[in-house]
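The structure appears right after this line, and notes come after that.
A, B, ... follow the sequence lines: proteins, then strands. Residue 1 opens every chain. All figures in this text were calculated on a predicted structure; none of them were measured in a lab.
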Protein chains: 2
Amino acid sequence: MPNASRTRTLLENSPFFQAAGAAAMTEVLRASFTQILPRGARLFEQGDEPDFLHMLLEGSVGLQAQVEGSGSTMVELFGAGEVFLAAAVVLRLPYLATAVALTEVRVLMIPADAFREGVSRSHDLCKATTQLLARHWRLMVDQVVDVKLRTAEDRVARFLAHRVSEEAGTGNAAMPEPRAAIAARLGMTPETLSRALATLEQKGKLRRSATGALVADRTALSK
Amino acid sequence: MPNASRTRTLLENSPFFQAAGAAAMTEVLRASFTQILPRGARLFEQGDEPDFLHMLLEGSVGLQAQVEGSGSTMVELFGAGEVFLAAAVVLRLPYLATAVALTEVRVLMIPADAFREGVSRSHDLCKATTQLLARHWRLMVDQVVDVKLRTAEDRVARFLAHRVSEEAGTGNAAMPEPRAAIAARLGMTPETLSRALATLEQKGKLRRSATGALVADRTALSK
DNA sequence: CAGGACGATTGATCCTGATCAAGCAAGACG
DNA sequence: CGTCTTGCTTGATCAGGATCAATCGTCCTG
């Protein structure tokens, strides 16, 4: 399938597009364009004024926050179909984090002005934005609970279980992004992540396929 | 000042009310009422279907999330003027956390139906909601960064600095909520909070007034 | 094919903050 | 007015995960 039509399918099936409705979206999309970036590229930097709202069409992007003198973490990972950093765009406030391409990515760039105008003009688009932000808020709540309450091994198990449930069918947990990024998202070092994976494998909750991909027993993982 | 008019003032000055505009708000407020609850009361429970959007008029409320077998944390603290749990109301999804009154509170109860209808009818109210959610998302991002990257003592210092800056004028950091709640919000035990406060005091970044209230040197705290 | 370079894994040790356990101050109540 | 409760503080010990360090495997490149 060529890129153009795959983009359209992905777009139209995304929850955000669904909620906003085709009418409002085509308007906003008129000003948008797609871009392909290699692993390691930065979509924007912490502190920048937001010029674009992004929708990830393919690949994986990490939101990396750095703190003077204390290193950096991955605040969130986004996969294909996700629209991100609506918060900064809506508030016209500098990004709190840098967006890094963790794999090669194809990303739809929606100019911030066009988006804000769309939100102003279209009530449906505004409502869709509200739902998007509400969902994202809840994801962050989940993460806070995870980091504060669960052990490193638990967090890894839950992360894998979540990945498995996204990958409909096969009990396969894809981890296309570098270990260091996943570890940072989970609030641990790569060493700890590695050990947790080893432990889970040893407990039989996980095994490696011939290709090295992780195959998980979902029911075993969630407990 | 009697409660009724104080309520009106607080309401009209809140960022949410400002953004939504008086017209849309009066409509929504028609169905609302205020309630006074003692410390320890629960406004709603984790898992409940949201029946109300809440606006805190006085006092302090904590969002407490509990995890089977791993205890519970305070995900967020809300003070007077804050509107909370718009996310659950917007999505019609069960609350992820329990709301506990950490002091005696006066709270405006906005029926979820009335609010959702208001958002559907009024584009301004919808825009105000996106701004509210965007702000709340950023608060959670801040917290994730804090918990993952900073030491307990740093988090306490930053928390105090923030409280001081809210308390315009006097370098006074109010802590009306129980220590255990603050500690949980900061991702530590009450013991660790206590020790951190002692250390900051000893470093001269903090002192106690005659009444026992904490007085902080803001510039010293932030570094 | 040798030589790096980089990411993941494994091993040894250390440190922050949790846990367990007393003390202590202040209000509640018979 | 004593005692009981509750919340905060202080002390001693423990453990989960970080850090430091070495090894391994894979890919890249000359």
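Atoms CD1 and CG, from Ile182(B) and Leu102(B) in turn, are 8.5 Å apart once rounded to the nearest 0.5 Å. Taken from CD in Gln66(A) to CD in Gln46(A), the straight-line distance is 5.0 Å, to the nearest 0.5 Å.
Checked by atom type, the side-chain pair Gln143(A)/Lys148(A) shows no donor-acceptor distance below 3.5 Å. Side-chain contact, Ser60(B) with Glu177(B): a donor N or O sits under 3.5 Å from an acceptor N or O.
In this structure, CD of Glu153(B) is placed 11 Å from P of dT16(C), rounded to the nearest angstrom. When the P atom of dT26(D) is taken as reference, atom CZ of Arg179(A) falls 14 Å away, rounded to whole Å. Distance CG (Leu193(B)) to C1' (dG7(D)): 12 Å, rounded to an integer number of Å. Leu149(B) places its CG atom 16 Å from the P atom of dT16(C), with the value rounded to the nearest Å. Residue Lys148(B) contributes atom NZ, which lies 16 Å from atom C1' of dA18(D) at whole-angstrom precision. Gln202(B) has its CD atom 11 Å from the P atom of dT10(D), to the nearest Å. Taking atom CG on Leu102(A) and atom P on dG7(C), their separation rounds to 13 Å, with Å as the unit. Note: CG (Leu214(A)) to C1' (dT9(C)) measures 14 Å, nearest angstrom.
Of the residues near DNA chain D, Met188(A) and Glu191(B), the one whose nearest nucleotide (by heavy atom distance) lies more toward the 5' end is Glu191(B).
For dT9(C), the OP1/OP2 oxygens have a side-chain nitrogen or oxygen of Ser194(A) closer than 4.0 Å. Listed pair Thr192(B) / dA18(C) meets the phosphate criterion, a side-chain N or O lying under 4.0 Å from OP1 or OP2. For Thr189(A), no side-chain nitrogen or oxygen approaches OP1 or OP2 of dG17(D) to under 4.0 Å.
Ring geometry for Phe33(A) versus Phe52(A): interplanar angle over 60°, hence perpendicular rather than tilted (30 to 60°).
Counting atom types as modelled, Arg39(B) pairs no side-chain N or O with a base atom of dT6(D) as donor and acceptor under 3.5 Å. Checked by distance alone, Arg155(B) brings no side-chain donor or acceptor within 3.5 Å of a matching partner on the base of dT16(C). A donor and an acceptor atom never sit less than 3.5 Å apart when one is taken from the side chain of Arg195(A) and the other from the base of dG16(D).
Nucleic acid contact class of Pro190(B) (heavy atoms, under 4.0 Å, all strands): none. Nucleic acid contact class of Gly187(B) (heavy atoms, under 4.0 Å, all strands): sugar-phosphate only.
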